[in-house]
Structure formats: C-alpha cells, structure tokens
Amino acid sequence: MPELPEVEVCRLGITPHIIDQQVTDVVVRHKQLRWPIPDEVQSLVGKKVLAIKRRSKYLMIEFSHGTLLIHLGMSGTIRVIDASTPVAKHDHFDLAFANKKALRLNDPRRFGAVLWLAEHVDEQGFLSKLGPEPLSDDFTHGYLFNKAKNRKVPIKTFLMSNPVVVGVGNIYANEALFKAGILPTALAGNLSEKRLNTLTDIIKKVLADAIEQGGTTLKDFTQADGRPGYFAQKLQVYGRAGEKCFTCQETLEEIRQSNRSSVFCPSCQQE
DNA sequence: AAGGCGACCTGGAAGC
DNA sequence: TGCTTCCAGGTCGCCT
C-alpha cells in the first residue's frame, strides 16, 4: 500500500490524535513481523508522544528516551481508533493512549515492522543507508545525474533504489517516468543531465500532488480516519496496461523489471 | 562494486 | 463450484 505519500498522509492524519498523549498500554498480538517487535516497546507505557516524523517510508514516533519506528511494508495500515474497538484479523500491534484512543497496526502480509531506536543509538544500519528525501532540498538538480554516472541499471530500477532516493515506489516510479517522457528501460547512466533534472522536478511534483490528494487508494489504503485517498483517479499509467494513453491514445504496454510491473506509453516515452 | 533475484507472507482475482 | 496459479504498494541479503 504505502509509498511516501501514503505514509505522509498517515502521519498527518494520526498526529493531532496522539501528539502530547501519554501511552497507557502497548499490545503486541503478533510479534513476528518482518523482524520481531522488540520487547523494549513496553518501555513506552507512561511516556508521552513528543513528535511524529517520517524518514523515507518509516513513521517515527518520538519519545523522551528514543523513537518508535513503524514501517507498513506492502500491506500495512495504521488507524487511530477508540481503544475499545474490537480486534480484527491481522491487527498485530496497538499503542493505547490516555485519551482512550489507540494507534492500531493491521498488516496481512506482515512485511511491515515495528522497531525501537534508543536515544543516542545512532541510526541502525538501514536508516544510515537511505538516500535523500525527494521533497527536500537535498534532492536537487544535478543529484540524479551524478548518482547515475556509470550506472547500467534501468532508470525505473534506479529510482526505486533506496540508496539513490527514498520513497519512490512502483506506482510513483511509473507515473514519474511517464510524465518525464522516459522509458523505464532506459539505462540510468545514459540519460542527459537535462532529462534527469526534469525527472527530479516531476518526482517532487507527483509526490506532492499525491499527498495533497490524500494518497492513492488501491485495495486497502485509507487515511487515518478511514477516508480513501483520491490520487488513484489521477494515475496515468499504473494499473492501466492495455488501455489507451490519455495523451496520445496509443495502447499502454507492460513489462516486468526486477520482478515489478512497469507500464508505459511506447509513443510518449523514449530511451 | 554493481546488478540480479529469491525470500518473506496473505488474500484476492483470474484461469481451468 | 472448486482447485490452482498468478499477482500485489517493499526491501533485505545472498549469489554472481
């Protein structure tokens, strides 16, 4: 479900409900997600939520003694609910608060994660390996061009690689490449600086638009209050293989790259 | 070092 | 109807 916009929409949705709230209970119903949920999460009882941030696709809930990291994997969702709401299938983890609300993680495939980052324990390995935030000033003109030098991977695979830039998943990689007029198979190292700068601008725009629209609702993504996101209605290529390009009426094609589907317009997009 | 690919897991849709 | 196969928003870690 979640690429950067969906995680950001989730962050914005849950923040007003849990900011400054004191944790009254931590419930682990299924400890085995991508990694086991660490026992340290019990130390949150009695602590107050100081801030809710995001890095890449990780939600970061900050407390005085460390940070709770939540990753939604492919199928995870987080909702703020009344603490008394009956538990449903795949509800693996709850944080209950003094205001009788609870943050509840549901994740059928369990590719998600709940991790604990103690204060002063600087970035566990995976956080330190992440590339720049696409919506930040660290993701500038020239960055992709320099990063792509001598790289022989297809641009689509390159964009979805976290060490290059975070948060761009399969949906938005497909959409951004369509809007930039670049074929997903074009080799990253072969693209001109000008085209990669255009791509940089488009990635920022596509992600920002998606956040504004409340994310992309496919099967199971909803905002924290259960409302759907509306960006799905703006998708140009993702999920539209075999249908006509909105721009030129050509039939959209689909291929597989790194075991992920890529949809593109053979007429609007070039090497 | 860079690139390719299997692995992790469940469930819904499509195919037979 | 029911069984089988394929596919899905991510990303780690092993192999070449």
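For clarity, every value in this text was computed on a predicted model and none was experimentally measured. Numbered from 1 within each chain, the chains take letters A, B, ... in sequence-line order.
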- Query: Is any side-chain N or O of A/Arg110 under 3.5 Å from a base N or O of B/dC9, one able to act as donor and the other as acceptor?
  - Reply: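 Absent.
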- Item | Aromatic ring of A/Phe111 stacked on base six-ring of C/dT11, 5.5 Å, 30° |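 A stacking contact does not exist, since A/Phe111 is not both close and nearly parallel to the base ring of C/dT11.
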Can you tell me the distance, in whole Å, between the [atom1] atom of [X] and the [atom2] atom of [N]?
X	N	atom1	atom2	value
A/Leu207	C/dG9	CG	P	16 Å
A/Arg109	C/dA8	CZ	P	10 Å
A/Leu69	C/dG10	CG	P	18 Å
A/Asn162	B/dG3	CG	P	16 Å
A/Ile171	C/dA8	CD1	P	11 Å
A/Phe158	B/dG3	CZ	C1'	13 Å
A/Gln257	B/dC5	CD	P	12 Å
A/Leu4	C/dG10	CG	P	11 Å

- Searching all strands shown, indicate the nucleotide that pairs with B/dC9 (Watson-Crick or G-U wobble; both distances under 3.5 Å). none
- Message: Need the pair for C/dG9. Rule: Watson-Crick or G-U wobble, both distances under 3.5 Å, any strand; none if unpaired.
- Response: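 Across all strands, not a single nucleotide pairs with C/dG9.
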- Message: Name the residue from A/Gln269, A/Glu271, A/Gln257 that meets the side chain to side chain donor-acceptor pair (under 3.5 Å) definition with A/Thr185.
- Response: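 Only match with A/Thr185 under side chain to side chain donor-acceptor pair (under 3.5 Å): A/Glu271.
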So does [X] pair up with [Y], basic N to acidic O under 4.0 Å?
X	Y	value
A/Asp20	A/Lys48	no
A/Arg55	A/Glu133	yes
A/Lys31	A/Asp39	yes
A/Lys57	A/Glu3	no

Below 4.0 angstrom from OP1 or OP2 of [N], is there any side-chain N or O of [X]?
X	N	result
A/Lys57	C/dG10	yes
A/Tyr238	C/dG9	yes
A/Ser261	C/dA8	yes
A/His90	B/dG11	yes
A/Arg260	C/dG10	yes

Between [options], spot the one nearest the side chain of [X], thanks.
X	options	answer
A/Lys89	C/dG10, B/dG11, B/dT10	B/dG11
A/Val153	C/dA8, C/dT11, B/dG3	B/dG3
A/Arg151	B/dA2, C/dT11, B/dC9	B/dA2
A/Arg256	B/dT10, C/dG9, C/dC7	C/dC7

- Query: Going by distance alone, is a donor N or O of one side chain under 3.5 Å from an acceptor N or O of the other, for A/His30 and A/Asp107?
  - Reply: no
- Item | Ring geometry between A/Trp116 and A/His65 (parallel below 30°, tilted from 30 to 60°, perpendicular above 60°) |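 Tilted, since the angle between the ring planes falls between 30° and 60°.
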- Which residue lies toward the 5' end of DNA chain C, A/Asn259 or A/His71, if each is placed at its nearest nucleotide?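 Looking at DNA chain C, the more 5' nearest nucleotide goes with A/Asn259.
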- Task: Answer yes or no: is there a donor N or O on one side and an acceptor on the other, between the side chain of A/Asn146 and the main chain of A/Gly142, under 3.5 Å?
- Result: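 Yes, the answer is positive, given that a donor and an acceptor are paired below the 3.5 Å cut-off.
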- Message: When the P atoms of C/dT11 and B/dG12 are compared, how many Å lie between them, rounded to an integer?
- Response: 23 Å
- Message: Please report the distance separating the P of C/dC6 from the corresponding atom of B/dG6, rounded so that it comes out in whole Å.
- Response: 14 Å
- Message: For a quick check of understanding: with a heavy-atom distance under 4.0 Å over all strands, which category does A/Asp107 fall into, base, sugar-phosphate or nothing?
- Response: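 Counting heavy atoms under 4.0 Å across all strands, no contact is made by A/Asp107.
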Show me the side-chain donor-acceptor pairs of residues 163-184 of chain A shorter than 3.5 Å, one per line, residues at least two apart or across chains.
residue  : atom : partner  : partner atom : Å
A/Asn170 : OD1  : A/Lys156 : NZ           : 2.8
A/Asn170 : ND2  : A/Ser261 : O            : 3.2
A/Tyr172 : OH   : A/Glu6   : OE2          : 2.6
A/Tyr172 : OH   : A/Thr216 : OG1          : 2.6
A/Asn174 : OD1  : A/Val263 : N            : 3.0
A/Asn174 : ND2  : A/Asn170 : O            : 2.8
A/Asn174 : ND2  : A/Ser261 : O            : 3.4
A/Glu175 : OE1  : A/Gln236 : N            : 2.6
A/Glu175 : OE2  : A/Gln236 : N            : 3.3
A/Glu175 : OE2  : A/Val237 : N            : 2.9
A/Glu175 : OE2  : A/Tyr238 : N            : 2.8

- Task: Mind running a 4.0 Å heavy-atom check of residues 27-39 of chain A against DNA chain C and sending the residues that fall below it, in number order?
- Result: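 Contacting residues: A/Arg34, A/Trp35.
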